[in-house]
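Worksheet: one structure, shown below.
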Amino acid sequence: METHEPRVHAAWLPPEAFRSLGARRVLVHGEGLLVDTVLDEVSRACARYGGRVWHSPSWDVDVDLVLALRGAGELPNPAVEAARSAGEAALAEIGDGEPLGEEGFLLDRDGEVTVVLADAPAGLLYGLFHVVRLCAAAFDPARPPERHRPALRRRMLNHWDNVAVHPVMGQVERGYAGGSIFWRDGRPRGDLARVRAYGRLLAASGVNAISVNNVNVARTEALLLTDRLGDVAEIADALRPYGIRVHLSVSFAAPVLLGGLSTADPLDEGVRDWWVATTRRVYDRIPDFGGYLVKADSEGQPGPFTYGRDHADGANLLAEALAPHGGVVHWRAFVYDHHQDWRDRSTDRARAAYDHFTPLDGRFRTNVVLQVKYGPVDFQTREPVSPVFAAMPATRLALELQVTQEYTGQQRHICHLGPWWGEVLRFAPWGPGGRTIADVAVGEAGAGGGLVAVTNTGDDPFWTGHPLAQANLYTFGRLAWDPWRDPTEVLDEWMTLTFPPSATADPELVRRTLHEIMDDSWRTYERYTAPLGVGFMVHPGDHYGPDVDGYEYSRWGTYHFADRDGVGVDRSRASGTGFAGQYPPYWAQVYESPRTCPDEVLLFFHHVPYSHVLHNGSTVIQHIYDTHFAGVEEVETMRRRWRTLNGMIDPTVYERVAERLDEQVRCATEWRDQVNTYFFRKSGVPDAQGRRIY
């Protein structure tokens with residue numbers, strides 16, 4: 001097994017994180033590819049920190065940690081067998097008789113021995129990384145037994161990586177961490193050691209699936225399904241030792257583009273046969289292939305509408321081809337008219353996913369996952385949660401998040417997204433106290449669509465461009481494993497791993513400073529950008545930096561309708577587009593009126609006067625001024641706090657973050673000045689505090 005380590009930042013798996021494990025005596029019991037990975041991880045840790053490792057069958061040795069498959073045979077070691085028996089007894093007591101499953105594990109203590117039990121090799125791998133996260137606490141004699149199983153079966157990242165460099169979007173669309181780790185200039189990048197290191201990071205966070213190319217499938221990318229399938233297989237081979245299954249974005253027009261057919265009509269028998277045969281060849285080459293990801297009839301991508309068919313027809317065509325092999329099709333619900341007339345206020349992009357897909361509920365095959373963005377528009381800093389999640393009970397729905405910070409600072413700004421995702425996951429679309437978005441994603445008996453996110457990684461030495469943006473990727477994986485977790489606890493976990501106390505000059509100062517900078521950073525970003533849920537106000541094209549009217553007269557359907565009297569989009573049933581009525585009765589009523597609508601999404605749902613009084617007592621115009629001044633002050637405070645860590649942490653990390661914070665201060669100031677000036681000139685209302693507005 002290759003042990004070469006790429007020269008990149010170790011992220012949340014620095015060698016120091018393995019100190020507690022590597023200093024002990026460890027026995028690994030079981031067989032399989034992922035068990036070999038466990039053995040390799042333990043062996044390297046022990047070689048570094050002076051511990052010892054044995055792989056069964058073994059003799060009677062004294063150990064501190066046992067990592068064992070439950071179905072593996074007995075060992076000639078009374079102490080180890082006693083620990084295993086204690087683990088089985090603990091599992092019977094706390095496990096309600098349910099199996100651990102393919103990815104679950106038990107952690108228990110028996111006397112001086114810590115034991116990790118799993119039903120399958122993947123569970124043993126996740127159990128190992130749990131021991132690493134716990135550090136010395138995994139060996140605390142008083143630690144009670146714990147059973148861990150992922151709430152979601154599929155925890156998936158989407159790469160928007162282009163094989164061939166796109167003339168506008170480059171090697172990675174909406175990627176802010178350099179080039180692709182998979183592709184370069186039309187060919188495989190060839191750095192499989194880095195791909196393997198990436199798989200290791202993902203497994204340690206809980207991710208178990210990725211798609212390796214852009215959902216906007218161009219000609220070169222389409223060939224990955226056929227002529228260039230070997231390139232995908234190499235990636236799959238590199239990721240398999242860490243339990244990561246590869247998925248592929250495919251073009252709905254592939255039968256025409258690649259197969260020479262005259263049609264891609266999903267009800268055509270020849271098209272059906274082509275997909276069946278092509279999919280069979282994929283599985284012949286990649287037996288554990290995950291399935292297809294499709295963006296269809298959206299932003300110029302081909303789809304079933306061309307043939308007078310609907311999205312259920314299109315998705316079911318691919319699902320039928322995948323079903324015999326256990327594969328799934330992720331079908332994105334991001335479908336809308338991107339040639340809108342800004343003069344027509346009856347057309348509303350926010351309505352599109354609901355209008356297109358809810359009539360199809362119950363028609364999708366069971367191996368179709370409808371992938372729905374968390375909000376109804378497009379990954380904005382603040383949106384209401386998409387009403388689709390409450391409207392399709394007979395369809396497997398996946399929650400789609402965006403880890404890459406397209407609209408949240410592009411990894412040049414510190415913007416920890418965990419708190420925002422936590423709000424989305426806890427949102428109860430049927431009303432307070434009811435089922436949540438997390439419940440919908442999990443589904444009955446864990447059969448829901450899961451969590452999916454557009455990833456933020458690239459070939460940058462820090463993986464994510466901004467070292468602190470690594471926390472967003474890690475947090476996604478941990479929330480995908482357990483969507484009910486507190487994101488602040490996850491952030492603390494990431495800090496402990498990434499900045500191990502034993503490797504920092506002042507651990508308490510480092511931890512406290514990171515929390516002060518990151519805990520509220522999403523809300524800070526929100527304060528100095530688009531106010532009260534109205535969204536966008538960014539430069540068209542690159543989506544970075546302020547341009548209040550950048551999209552106001554465009555075809556993309558993202559408007560704020562600011563005039564001399566007020567601002568916001570009327571989406572009420574009474575006088576607007578009716579979008580508010582797409583929610584179940586509780587929220588439909590709340591969102592319908594400016595008097596009851598939550599302030600943070602007021603302008604998403606209503607066009608109100610600048611003098612409208614918010615629930616906090618401020619007027620809309622004064623709120624805009626106050627939050628934009630406050631946001632800049634908070635970023636300046638972030639920068640001052642970061643400077644206290646100079647000399648306390650890895651200097652390369654310190655310098656990269658310091659440089660990005662300088663840019664964040666500059667950009668936040670630009671946002672403040674442009675937004676405040678724009679609304680001052682629109683409204684004619686001065687700032688009550690007399691601060692400088694240009």
Side-chain angles (χ1 to χ4, degrees), residues 150-155 333 350-351 353-354 357-358 361-362 369-377 379-402 417-453 475-476 478-490 522-523 526 532-533 535 571-573 578-606 615-616:
L152 302 168
R153 295 179 183 175
R154 189 164 288 102
R155 308 173 298 279
R351 291 185 56 103
Y354 185 102
F357 286 95
T358 58
D361 188 39
V369 174
L370 187 62
Q371 192 166 305
V372 183
K373 289 189 178 185
Y374 63 77
V377 181
F379 296 134
Q380 294 305 291
T381 311
R382 174 84 71 170
E383 296 184 45
V385 175
S386 172
V388 174
F389 290 107
M392 301 188 70
T395 303
R396 297 176 68 192
L397 301 178
L399 173 67
E400 181 179 293
L401 304 172
Q402 192 179 46
L417 294 169
W420 175 216
W421 298 338
E423 287 193 18
V424 171
L425 288 163
R426 292 190 299 272
F427 180 75
W430 292 274
R435 294 177 66 230
T436 65
I437 298 300
D439 295 324
V440 174
V442 171
E444 296 294 330
L451 259 63
V452 180
T475 298
F476 168 76
R478 300 298 289 142
L479 291 180
W481 181 280
D482 180 0
W484 296 283
R485 281 201 70 186
D486 180 350
T488 302
E489 293 179 359
V490 176
W522 159 61
R523 293 180 182 87
E526 182 182 28
L532 299 170
R571 292 187 164 106
S572 69
R573 289 168 291 173
F579 169 74
Q582 292 185 338
Y583 288 87
Y586 176 87
W587 287 107
Q589 182 176 357
V590 168
Y591 292 145
E592 178 66 15
S593 170
R595 293 188 303 274
T596 54
C597 185
D599 288 344
E600 61 266 22
V601 289
L602 174 67
L603 301 186
F604 191 96
F605 283 100
H606 297 283
H615 295 107
N616 65 9

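For the single chain, residues carry numbers from 1 onward in sequence order. On a predicted model such as this, the values are computed, not experimentally measured, just so you know.
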Hey, are R523 and E600 close enough for a salt bridge, meaning a charged N less than 4.0 Å from a carboxylate O?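 Looking at R523 and E600, the cut-off is not met.
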Looking at side-chain heavy atoms only, is the closest gap between [X] and [Y] below 4.5 Å?
{"X": "F427", "Y": "F389", "value": "no"}
{"X": "S386", "Y": "K373", "value": "no"}
{"X": "E423", "Y": "R382", "value": "yes"}
{"X": "F579", "Y": "F604", "value": "yes"}
{"X": "L451", "Y": "R155", "value": "no"}
{"X": "P598", "Y": "Y591", "value": "yes"}
{"X": "V385", "Y": "P429", "value": "no"}

What are the two closest non-hydrogen atoms of [X] and [Y], and how far apart are they?
{"X": "T358", "Y": "A391", "value": "CG2-CB, 3.5 Å"}
{"X": "P384", "Y": "V601", "value": "N-CG1, 3.9 Å"}
{"X": "H615", "Y": "C597", "value": "CE1-O, 3.0 Å"}
{"X": "G449", "Y": "A398", "value": "O-CB, 3.5 Å"}
{"X": "R571", "Y": "A350", "value": "NE-CB, 3.6 Å"}
{"X": "V442", "Y": "P483", "value": "CG2-CG, 4.0 Å"}

Look only at the side chain of R153 and the backbone of G446, and say whether a donor-acceptor pair between them is shorter than 3.5 Å.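 Yes, R153 side chain to G446 backbone: donor-acceptor pair under 3.5 Å.
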Please say which of L399, V490, L401 ends up in a side chain to side chain contact (heavy atoms under 4.5 Å, CB included) with W421.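 For W421, the side chain to side chain contact (heavy atoms under 4.5 Å, CB included) test succeeds with only one of L399, V490, L401, which is L401.
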Qualifying residue for side chain to side chain contact (heavy atoms under 4.5 Å, CB included) with L397, from V372, I437, V369: V372
Report yes or no: do T436 and D439 form a side-chain donor-acceptor pair below 3.5 Å?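 Looking only at side-chain atoms, D439 and T436 do form a donor-acceptor pair, the distance falling under 3.5 Å.
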Residue of the set F476, W522, F379 for which ring-ring contact (aromatic ring centres under 6.0 Å, His included) holds with W420: W522
